[in-house]
Number of protein chains: 2
Amino acid sequence: MPARAQGRGIPEATVARLPVYLRALSTLAEDGAGTVSSEELATAAGVNSAKLRKDLSYLGSYGTRGVGYDVDYLVYQVSRELGLTQDWPVVIVGLGHLGHALANYGGFASRGFAIRALVDADPELVDQQIAGLRVHPLEALEDLVRRLGIAIGVIATPAPVAQTICDRLVSAGVSSILNFAPVVLAVPDEVEVRKVDMSIELQILAFHEQRKLATAALGDVSRELAEAVGPR
Amino acid sequence: MPARAQGRGIPEATVARLPVYLRALSTLAEDGAGTVSSEELATAAGVNSAKLRKDLSYLGSYGTRGVGYDVDYLVYQVSRELGLTQDWPVVIVGLGHLGHALANYGGFASRGFAIRALVDADPELVDQQIAGLRVHPLEALEDLVRRLGIAIGVIATPAPVAQTICDRLVSAGVSSILNFAPVVLAVPDEVEVRKVDMSIELQILAFHEQRKLATAALGDVSRELAEAVGPR
DNA sequence: ATGCGCTTGTGAACGTGAGCACAAAGTCGT
DNA sequence: ACGACTTTGTGCTCACGTTCACAAGCGCAT
Ligand SMILES: NC(=O)c1ccc[n+]([C@@H]2O[C@H](COP(=O)([O-])OP(=O)(O)OC[C@H]3O[C@@H](n4cnc5c(N)ncnc54)[C@H](O)[C@@H]3O)[C@@H](O)[C@H]2O)c1
Ligand SMILES: NC(=O)c1ccc[n+]([C@@H]2O[C@H](COP(=O)([O-])OP(=O)(O)OC[C@H]3O[C@@H](n4cnc5c(N)ncnc54)[C@H](O)[C@@H]3O)[C@@H](O)[C@H]2O)c1
């Protein structure tokens, strides 16, 4: 997967950071800041200031030397680059614990996403209202996607059915998928999949946690060794 | 942040993939597979087979040339490397929609994590039972962490209080944090933070989605241009 | 034993990303 | 009008990560 495939493309690593910058900028805007320096914004976003400047430079030269960046203008430019000036309709498939939380979450609507359809296989859930939306049966999936022109699908079903749901979403025309099920989804090249996997994150933390313990124990051993040899 | 800081360290990128391999291996083990080739396992994990082999080679030489890897043995080795041979006690702070889903999720317990304590500031929630655990008041946080020897904390509170909770967790002795709140947390160097941010993932999808639309539109234009010039 | 076929483990080449350091370019006070 | 000061934008270097390609090693059939 070549990151900067096309001519004026933005590096993938930069794209992944733009939303973080956008959030920091929004907070600054709310606090009434007119301009920010790369140093300030970088601190707020938790990155190196040189990296921030380089990232922003891919979008164009929107800063003023000696001054910084106009907050509102930069919010607009980053939003535009990320495609957030329009609203993206989203379908959520699977309304168990996690799907419920997602459907009720206000943080999506405020950032350019509109949850437009909910789908679940459970007859108990179908026709119930969640967050003001009716839950549709699984059969309605393709029709909903086509009628509402949905390009982004969220999978919050049990792992065993995730691939099937994925296939159906893709064949109905969805080209971006956010997957919460702990499986690797197979999709055609033109479809983009991102996964959110909390177990993986915890396991990565466990790795580092164990390494801390191991090196601490090693420290103890060498201290004991030193003591065994005796003070000199 | 140097990835391979200490001598025999494993690259960070590799650590992030080990849990994926582990999951694929567990599935294979359930299906009764005795051995796997790097090719098969790589396909199951959605990566290049050379990358898989290099990743595994950091753990040691656990494969047999001409045959492949013994599934059970590799499961054990990867688990050990990730520190999953022991159970890690976890505290969840914030039991709203998301916290509820996390507390009820069975996928953690089965992978070396044990949710041991729930904490929320809402008096309505305190003393309720969620997934068989009592919800404790915020004041009890430090005491719980110390008494249960908790090293890993999960933050599922609203964004504005996340930093405060984080500080309290750290001062109580937590050294790994999984953060679901959309904020950048500031922590001492020795504390590891990982974030799960669904809005960011969606925004990255939106970026690519927009780019697809843009290039498609560009294709249309050039087709129109070609037609305007006329067939020759 | 020996050879054949298969799969691992890894050296080497390449591509991507991070960060330093500084010239270029602007602002602001005088 | 000018100089001092501030901050951006970027060339360059180095580190990290990915992928290729193949020799080394193992099992099995003969
Ligand atoms: N709950 C969590 O905190 C959490 C954490 C990490 C990962 N996950 C993953 O997220 C997914 C959902 O988790 P959950 O806790 O919400 O599970 P859940 O069992 O509470 O919900 C699953 C939902 O999917 C529905 N469903 C089942 N088959 C379906 C189908 N074929 N089509 C449409 N809907 C179908 C069910 O009716 C149910 O409502 C799982 O894959 C889980 O592993 C959940
Ligand atoms: N729900 C989602 O799908 C979703 C998606 C992405 C991100 N998030 C983020 O996850 C976090 C939680 O989301 P949610 O939907 O569960 O919110 P929620 O409002 O449903 O729950 C928040 C919980 O935190 C508790 N709380 C508030 N202040 C606290 C404090 N000082 N100490 C301890 N607990 C406190 C509240 O009592 C409540 O129970 C938020 O930061 C949200 O932005 C949620």
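Below, read A as the first sequence line, B as the second, and so on, with proteins coming before strands; counting in each chain starts at 1. Keep in mind it's a predicted model, so treat the numbers as computed, not measured.
The CG atom of L59(A) sits 14 Å away from the P atom of dT8(D) (whole-angstrom rounding). Rounded to a whole Å, the CD atom of E39(B) is 8 Å from the P atom of dT8(C). Distance CZ (R17(B)) to C1' (dC16(D)): 12 Å, rounded to an integer number of Å. dT7(D) atom P lies 8 Å from atom CD of E40(A), rounded to whole Å. Following rounding to the nearest Å, Y58(B) (OH) and dT10(C) (P) show an atom-to-atom distance of 10 Å. As a whole-Å value, the separation of E12(A) CD from dG17(C) C1' is 12 Å. The interatomic distance linking K51(A) (NZ) with dC16(D) (C1') rounds to 12 Å, in whole Å. For the pair D55(B) CG and dT19(D) C1', the computed distance is 12 Å after rounding to whole Å.
Considering only side-chain N and O atoms, S61(B) lies under 4.0 angstrom from the phosphate OP1 or OP2 of dG9(C). Between Y62(A) and dT7(D) there is no side-chain polar atom (N or O) within less than 4.0 angstrom of OP1 or OP2. Taking side-chain N and O atoms only, S37(A) has no distance below 4.0 Å to OP1 or OP2 of dT7(D).
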Checking ring-ring contact (aromatic ring centres under 6.0 Å, His included) for the pair Y62(A)/Y73(A): CA distance, chi angles, key distance, verdict?
CA-CA 8 Å; Y62(A) 298 134; Y73(A) 187 53; 5.5 Å; yes
For nucleotides 20-30 of chain D, read 5' to 3', which letter fits each nucleotide if B means a protein heavy atom sits under 4.0 Å from the base, S means only the sugar-phosphate is that close, and - means neither?
BB--BBBS---
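The side chain to side chain contact (heavy atoms under 4.5 Å, CB included) with F180(A) is formed by just one residue from the set I155(A), V154(A), D197(A); it is V154(A).
A distance of 4.0 Å separates CD1 of I115(A) from CD1 of I92(A), quoted to the nearest 0.5 Å.
Between G83(B) and W88(B), the shortest heavy-atom distance links the atoms O-NE1, 2.7 Å.
Within 6.0 Å of atom OH in Y105(B), more than 12 heavy atoms from other residues, nucleotides or ligands are found, so the atom counts as buried in its surroundings.
Looking only at distances, a side-chain donor or acceptor of S37(B) sits under 3.5 Å from a matching main-chain atom of E40(B).
Residues forming a salt bridge (Lys or Arg N to Asp or Glu O under 4.0 Å) with K212(A) (at least two apart in sequence, or on another chain): E209(A).
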